[in-house]
Every structure is written in C-alpha cells, then in structure tokens.
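This one's a predicted model, so the numbers in the text were calculated from it and none came from an experiment.
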Amino acid sequence: MDSVITRLMGGLGNQMFQYATGLAVARRLGVPLLRDRTFLDSRPPEMNWTPRDVELDVFPIPIAFADERQVERIRRELDERWYRVARRLLPGLFPRRCMVQRGTGYDLAVFTHQAPLYLEGFWQNERYFLPLAGELREKAFVPKEAPSADNTRLLDAIKSGNSASIHIRRGDYVENPEASGYHGTCSLEYYTAAAKLLAEEHGVDRFFVFSDDPEWARTNLDLPRPVTVVGHNTGRESHWDLFLMRHCRHYIIANSSFSWWGAWLNPSEDKVVIAPKTWFKGTGTPASDIIPPGWTAR
C-alpha cells in the first residue's frame with residue numbers, strides 16, 4: 001500500500017515537526033503515515049551530532065514504522081547514483097519519490113508530490129500543518145499520562161497569575177562544537193531585555209524558566225519579577241516542560257524547536273511570543289523563516 005514515510009531526526013521538538021508535516025501530507029494524499037527511525041538508530045563512529053531516540057511515544061499518537069527494506073527501496077534516488085541517473089533519463093520509469101527540504105522557509109513543493117513519498121527535513125514552519133492545528137494542540141501533542149504532583153503544583157502556580165515562560169537551551173548548543181557553531185546560543189541580554197518588555201508592557205508578574213541547564217539559569221538570570229526555575233523534567237520526562245510551557249500566558253523562546261512548540265501549543269490569540277532575531281547562527285537564518293507571523297523577533 002502507498003504511504004508517506006517521514007524521516008525522524010533530532011530531539012522531541014524536531015520529531016514533532018516531522019510528524020506534523022508528514023501527517024498533513026499523508027492526509028492530503030489519503031494514505032497512511034509511517035516513520036523512518038533508521039537515522040535515530042544509527043550510531044556511526046564519526047557522528048558529530050547528539051544521539052537521539054524515538055521520543056514521540058510520550059504522546060497518544062499511532063506509532064507505525066517503515067521497515068528498513070522499505071526505506072532502502074524508496075531512498076535509492078538519494079543514496080544510489082545509478083538511480084539518480086536513471087530518473088533523469090527515464091523519469092516515467094523512475095519517478096521522484098523523495099522530497100528533501102530545500103532551505104529553511106516554507107516550501108509548497110512538499111504538497112505537489114504523489115504517494116509513495118519519502119520526506120527528509122525539519123519542516124520548521126506552521127504553514128505545513130496549520131489545517132491540523134486544533135488536532136495537534138488538543139489531541140496529538142498532549143501527554144498520555146496525568147502530571148506528577150510536582151508538575152500539578154507548578155501548573156496551578158502558572159495559571160494563578162500573568163505568567164511567562166522562558167526557555168533557555170544550552171546543552172549541546174554549548175558543549176558540542178558542531179552544534180554550537182551552527183545553532184549558537186541566545187545571549188543573557190536577549191533574555192533580560194525581553195523579560196523587561198513583558199513585565200513593563202504586558203504586566204507579567206512571574207517568570208517560569210525551563211532549561212536543560214537550570215543551575216546556569218539560577219546563577220545568571222536577573223529578572224524584574226519573581227522567578228521559578230523548573231529543572232526536574234529531564235530525559236524521558238522532558239515533554240512535561242512542554243505541557244507546562246503551553247499553559248503560560250506569554251513566552252520568551254530560544255532558537256530551539258522545543259521552545260517553539262512550547263509557545264505554539266498555546267492556542268491563545270492574545271499571547272506574546274518573543275524569539276531571537278537569528279535562528280541559526282551558522283547560516284544567519286532569520287527567525288522569520290521559522291516563527292509564525294504574529295510572533296516578535298528581537
């Protein structure tokens with residue numbers, strides 16, 4: 001049976017983009033969506049990226065994987081030179097079945113192909129899956145289990161006032177030279193200026209800080225309102241940070257797909273979302289390629 005296969009790469013935030021876009025394309029074509037996990041499962045000796053596992057299973061979405069033979073067969077046009085030559089010479093017999101993302105902005109071409117189709121990319125733009133926004137926010141990307149007592153207390157605190165989420169991504173953005181050179185990190189000045197704006201112009205009375213380096217946040221952040229640093233949702237529990245972030249009223253995000261989703265999952269039209277002006281330091285990619293039009297790049 002024909003299907004759309006989406007390649008999973010990166011951590012939870014990236015996998016959410018890949019699932020959401022794959023689902024939108026599969027729905028349009030009326031075929032099932034399968035996931036390709038071969039990149040996540042590979043651990044080549046020369047790898048210079050952070051190893052990741054399949055993380056989407058924290059959500060109540062169907063997990064169906066393509067088998068390796070399926071993936072090999074459909075990826076021929078990417079991995080085997082003879083297939084690329086044959087496709088150029090005999091396009092009717094060797095049709096294009098792989099769509100590799102071109103650039104970082106929205107690419108309408110993803111919706112011009114027929115099934116079977118293999119998608120490889122990060123697809124970091126809501127325009128790919130905006131028609132499915134309600135389903136993704138209210139059903140697909142909601143934790144399968146009930147929150148812990150600690151997360152329930154934090155949720156109550158978040159809902160009790162005019163709260164803002166601050167997400168600080170460090171981890172491999174700091175420790176891995178390849179990731180650091182490509183992504184870069186947001187400056188302390190970016191966070192303090194954005195926090196000042198939210199406090200003074202939007203009445204934020206408490207900041208909830210989510211970070212993979214909570215000690216750095218506690219030591220370095222000096223914000224104009226009370227701060228709660230959330231650092232206990234680690235590893236397989238990190239999706240609970242997304243759950244808590246989505247319930248804040250306003251957002252200061254990092255150049256991170258994880259914090260992008262923390263803000264996007266909140267459906268409020270009144271939320272203020274502040275993002276860094278440059279999304280990928282290594283390429284100079286502007287945030288405007290990634291963030292929705294209602295968000296502010298600073």
Side-chain angles (χ1 to χ4, degrees), residues 8 10-21 23 52-63 124 126 129-130 132-171 191 198 204-214 217-218 226-275 290-292 294-295:
L8 297 183
L12 179 59
N14 284 323
Q15 292 179 37
M16 291 166 72
F17 275 114
Q18 289 148 8
Y19 171 81
T21 299
L23 182 64
R52 303 287 190 178
D53 297 310
V54 174
E55 299 184 41
L56 289 172
D57 55 356
V58 298
F59 300 125
I61 56 180
I63 302 292
Q124 295 175 332
E126 70 168 359
F129 46 81
L130 203 50
L132 304 181
E135 178 182 346
L136 294 172
R137 284 172 170 143
E138 304 307 324
K139 294 181 180 178
F141 293 149
V142 176
K144 287 194 288 193
E145 300 171 359
S148 66
D150 285 342
N151 286 326
T152 299
R153 282 192 291 271
L154 280 167
L155 179 62
D156 291 341
I158 285 169
K159 290 181 172 180
S160 69
N162 187 8
S163 60
S165 158
I166 297 179
H167 184 253
I168 299 175
R169 171 70 183 271
R170 287 177 60 78
Y191 286 111
L198 289 184
V204 166
D205 54 24
R206 188 170 197 89
F207 292 97
F208 290 83
V209 178
F210 302 86
S211 178
D212 53 6
D213 192 348
R218 291 187 185 99
V227 175
T228 298
V229 177
V230 182
H232 65 283
N233 292 317
T234 60
R236 288 281 298 173
E237 302 300 310
S238 64
H239 64 289
W240 287 109
D241 277 359
L242 281 182
F243 170 79
L244 293 172
M245 280 192 270
R246 72 169 291 174
H247 288 94
C248 291
R249 186 164 181 185
H250 302 299
Y251 299 86
I252 302 169
I253 69 172
N255 53 334
S256 155
S257 59
F258 189 86
S259 60
W260 187 101
W261 281 105
W264 188 88
L265 287 172
N266 179 347
S268 171
E269 295 182 2
D270 298 325
K271 66 187 176 187
V272 175
V273 184
I274 299 174
I290 312 289
I291 63 174
W295 297 8

Testing the basics here: between [X] and [Y], what is the closest heavy-atom pair and its distance to 0.1 Å?
X      : Y      : value
Pro226 : Arg206 : CB-NH1, 3.1 Å
Pro214 : Ser211 : CD-O, 3.7 Å
Leu154 : His232 : CD1-CE1, 3.4 Å
Val142 : Pro60  : O-CD, 2.8 Å

Applying side-chain hydrogen bond (donor to acceptor under 3.5 Å, both in side chains), can you list everything that pairs with [X], at least two apart in sequence or on another chain?
X      : value
Ser148 : Asn151
His250 : none
Thr234 : none

Exercise. For the residue pair Phe141 and Phe59, does the interplanar ring angle fall in the parallel (under 30°), tilted (30 to 60°) or perpendicular (over 60°) class?
Worked result: tilted

Hey, could you give me the [atom1]/[atom2] distance between [X] and [Y], rounded to the nearest 0.5 Å?
X      : Y      : atom1 : atom2 : result
Leu132 : Thr21  : CG    : OG1   : 9.5 Å
Ile166 : Met245 : CD1   : CE    : 11.5 Å
Phe208 : Ser163 : CZ    : OG    : 6.0 Å
Leu155 : Leu244 : CG    : CG    : 6.5 Å
Leu198 : Asn162 : CG    : CG    : 9.0 Å
Leu265 : Leu136 : CG    : CG    : 8.5 Å

Show me the pairs that pass salt bridge (charged side-chain N to carboxylate O under 4.0 Å, His left out) and involve [range], at least two apart or across chains.
range            : result
residues 249-269 : none
residues 143-152 : Asp150-Arg153
residues 231-242 : Asp57-Arg236

Between the main-chain N or O of [Y] and the side-chain N or O of [X], is there a donor-acceptor pair closer than 3.5 Å?
X      : Y      : result
Asp205 : Gly161 : no
Ser259 : Ile253 : no
Ser238 : Gly235 : yes

Exercise. What pairs with Phe129 under ring pair (Phe, Tyr, Trp, His ring centres under 6.0 Å), at least two apart in sequence or on another chain?
Worked result: Trp261, Trp264

For this session: Mind checking ring pair (Phe, Tyr, Trp, His ring centres under 6.0 Å) for Trp240 and listing every partner two or more places apart, or none if nothing turns up?
Result: Phe243

Exercise. Quick one: which of Gln124, Arg169, Gln15 gives a side-chain contact (heavy atoms from CB on, under 4.5 Å) with Ser257?
Worked result: Gln124

Problem set entry | Intermediate values then yes/no, side chain to side chain contact (heavy atoms under 4.5 Å, CB included), Asn233 and His239 | CA-CA 8 Å; Asn233 292 317; His239 64 289; over 6 Å; no

Problem set entry | Set of salt bridge (Lys or Arg N to Asp or Glu O under 4.0 Å) partners for Arg137, sequence neighbours left out | none

Problem set entry | Contacts of type salt bridge (Lys or Arg N to Asp or Glu O under 4.0 Å), residue Arg246, not counting sequence neighbours | Glu138

Problem set entry | Partners meeting side-chain contact (heavy atoms from CB on, under 4.5 Å) with Asn266 (sequence neighbours left out) | Tyr251, Ser268, Lys271

Exercise. Can you name the side-chain contact (heavy atoms from CB on, under 4.5 Å) partners of Lys139, sequence neighbours left out?
Worked result: none

Problem set entry | Minimum side-chain heavy-atom gap Ile168-Asp212 below 4.5 Å | no

For this session: Could you check Leu8 against Asn14 for side chain to side chain contact (heavy atoms under 4.5 Å, CB included), going step by step and ending with a plain yes or no?
Result: CA-CA 8 Å; Leu8 297 183; Asn14 284 323; over 6 Å; no

For this session: State which residue, out of Trp260, Phe258, Phe210, fulfils the ring pair (Phe, Tyr, Trp, His ring centres under 6.0 Å) condition with His167.
Result: Phe258

